[in-house]
S.K.: 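If you scroll down you'll find the structure; I have some questions about it.
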Amino acid sequence: MSEVILKGVYKRYGKTVAVTDFNLDIQDKEFMVFVGPSGCGKSTTLRMIAGLEEISDGTLQIGERVVNDLPPKDRDIAMVFQNYALYPHMDVYEKMAFGHRLGKTPKDQIDKKVREAAAILQIEHLLKRKPKELSGGQRQRVALGRAIVREPKVFLMDEPLSNLDAKLRVEMRSQIGKLHRRLGTTIIYVTHDQVEAMTMGTRIVVMKDGYIMQVDTPLNLYDFPKNKFVAGFIGSPSMNFMTANVQGGGFTSTDMRVSPEGVLAQSLRVQEGKQVWMGIRPEHIGLKGYTNIPSGDNNMSGEVEVVEPLGAQTDLIINVGGQSLVAKVDGHVMVNAGDMVELVVDRTKLHAFDLQTEVALTRA
């Protein structure tokens with residue numbers, strides 16, 4: 001079993017607390033992603049799991065063992081770093097075999113493990129090359145291969161794709177996903193890129209300022225964020241937020257009257273007369289006359305400030321009563337900056353958050 005359990009884990013640097021009361025149960029064979037902005041504590045948490053940072057308080061269990069006091073080499077983990085850490089004087093074969101040679105594994109077993117890992121990653125033809133002869137994507141695969149050869153209980157990956165160009169990142173996301181399915185090993189993956197997190201993780205930990213903000217599946221994070229931070233961090237472009245008054249069970253402000261449907265309509269009854277954050281994703285806003293979203297008590301009007309044509313879609317930045325929002329519309333809609341437009345929103349996709357605590361008031 002390669003379950004990883006963190007209970008009440010803290011990391012302190014003097015008076016600075018980098019990670020606070022971190023509690024998480026990572027299941028055997030799960031692909032868990034830590035995501036959040038720079039400085040949120042995700043890499044620090046990964047390094048504590050790896051044994052590269054000491055745990056200030058709490059317990060860390062890998063499999064059946066509490067490993068707080070074990071050195072990295074005894075934790076049965078393998079780590080893939082951002083910079084790949086490849087020795088310049090070794091060829092690919094030597095690098096992948098290095099860990100087992102230190103352990104005095106028989107040569108025929110080492111050779112078998114190296115060639116199996118190279119076949120999985122399709123780098124058999126690179127085994128005799130040195131790092132200077134490899135592209136960025138090839139170096140990344142070699143770093144993965146070195147980790148595979150070790151046959152660890154847990155793979156730890158700290159932003160391994162951040163040095164690659166956009167096209168190669170997409171390709172390697174797919175490769176790592178296939179690798180996880182083939183090996184059936186637990187993977188803990190750190191990234192600041194929410195698209196990477198959404199496309200790779202079976203579950204995602206969203207962090208901010210050393211705290212866990214939410215742990216959930218990608219779709220639940222998107223559909224049911226527990227707070228305004230998660231709602232704004234997950235999704236691209238990010239969710240629109242507008243301050244609005246609650247009147248008659250709906251949201252009102254200058255140039256806006258929107259009444260939600262479903263559970264959120266009931267939740268707003270106790271907010272009557274209060275001001276809240278209304279949230280709506282850009283893909284749930286349509287241009288009146290050019291959308292399938294039913295028109296009704298869900299209209300907004302505003303002035304187009306910026307038009308960003310992206311081919312299949314166009315992103316519009318619109319001023320609605322002094323507040324800016326982004327709408328995704330069909331790429332063939334002819335709209336210019338300065339145009340006044342009528343918008344409709346999907347009443348079943350609205351969100352609301354407390355103005356002070358920023359906790360979700362339940363989605364529509």
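Since the structure is predicted, the reported quantities are computational estimates derived from the model, not experimental observations. Note that these values count all heavy atoms, side chains included, but never hydrogens, waters or copies made by symmetry.
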S.K.: Does Val304 share a hydrophobic cluster with Ile317, counting links as ILVMFWY side-chain heavy atoms below 4.5 Å and allowing steps through other members?
M.R.: no

S.K.: Which atom names give the shortest non-hydrogen contact between Ile77 and Pro72, and what distance separates them?
M.R.: CG1-O, 4.2 Å

S.K.: Would the number of heavy atoms belonging to other residues, nucleotides or ligands and lying under 6.0 Å from CE of Met334 be above 12?
M.R.: no

S.K.: In this structure, which one of Val263, Val276, Val270 forms a side-chain contact (heavy atoms from CB on, under 4.5 Å) with Leu361?
M.R.: Val276

S.K.: Write out all pairs satisfying ring pair (Phe, Tyr, Trp, His ring centres under 6.0 Å) with one or both partners inside residues 186-205, taking only residues at least two apart or from two chains.
M.R.: Phe31-Tyr189

S.K.: Could you pull out all residues at least two apart from Arg65 that satisfy salt bridge (Lys or Arg N to Asp or Glu O under 4.0 Å)?
M.R.: none

S.K.: If we count only N and O atoms by modelled type, under 3.5 Å, do the side chains of Asp346 and Thr348 hold a donor and an acceptor together?
M.R.: yes

S.K.: Measure from NZ or CZ of Arg281 to the centre of the six-membered ring of Tyr222, then state whether that distance is under 6.0 Å and the direction lies within 45° of the axis.
M.R.: yes

S.K.: Leu219: which other cluster members, linking ILVMFWY side chains closer than 4.5 Å, directly or transitively?
M.R.: none

S.K.: Just by distance, no angles: are the side chains of Arg173 and Thr199 close enough, under 3.5 Å, to form a donor-acceptor pair?
M.R.: yes

S.K.: Please tell me whether Glu305 and Asn319 have a donor and an acceptor in their side chains that are separated by less than 3.5 angstrom.
M.R.: yes

S.K.: Could you name each residue pair satisfying side-chain hydrogen bond (donor to acceptor under 3.5 Å, both in side chains) that touches residues 6-26, not counting sequence neighbours?
M.R.: Arg12-Asp57, Tyr13-Glu53, Asp21-Asn23, Asp25-Gln27

S.K.: Could you tell me whether Arg150 and Asp76 make a salt bridge, using a distance below 4.0 angstrom between a side-chain N and a carboxylate O?
M.R.: no

S.K.: Quick one: which residue pairs count as a side-chain hydrogen bond (donor to acceptor under 3.5 Å, both in side chains) with a foot in residues 235-244, not counting sequence neighbours?
M.R.: Thr243-Gln323

S.K.: If we count only N and O atoms by modelled type, under 3.5 Å, do the side chains of Asp158 and Ser43 hold a donor and an acceptor together?
M.R.: yes

S.K.: Between Arg169 and Glu196 (salt bridge meaning N to carboxylate O under 4.0 Å), is one present in this structure?
M.R.: yes

S.K.: Checking Gln313 against Asp315: is there a side-chain donor and acceptor pair closer than 3.5 Å?
M.R.: yes

S.K.: If hydrophobic residues (ILVMFWY) are linked whenever their side-chain heavy atoms come closer than 4.5 Å, directly or via other members, who joins Phe353 in its cluster?
M.R.: Met239, Phe241, Trp277, Leu355

S.K.: Would you call Arg115-Glu124 a salt bridge at under 4.0 Å N-O?
M.R.: no

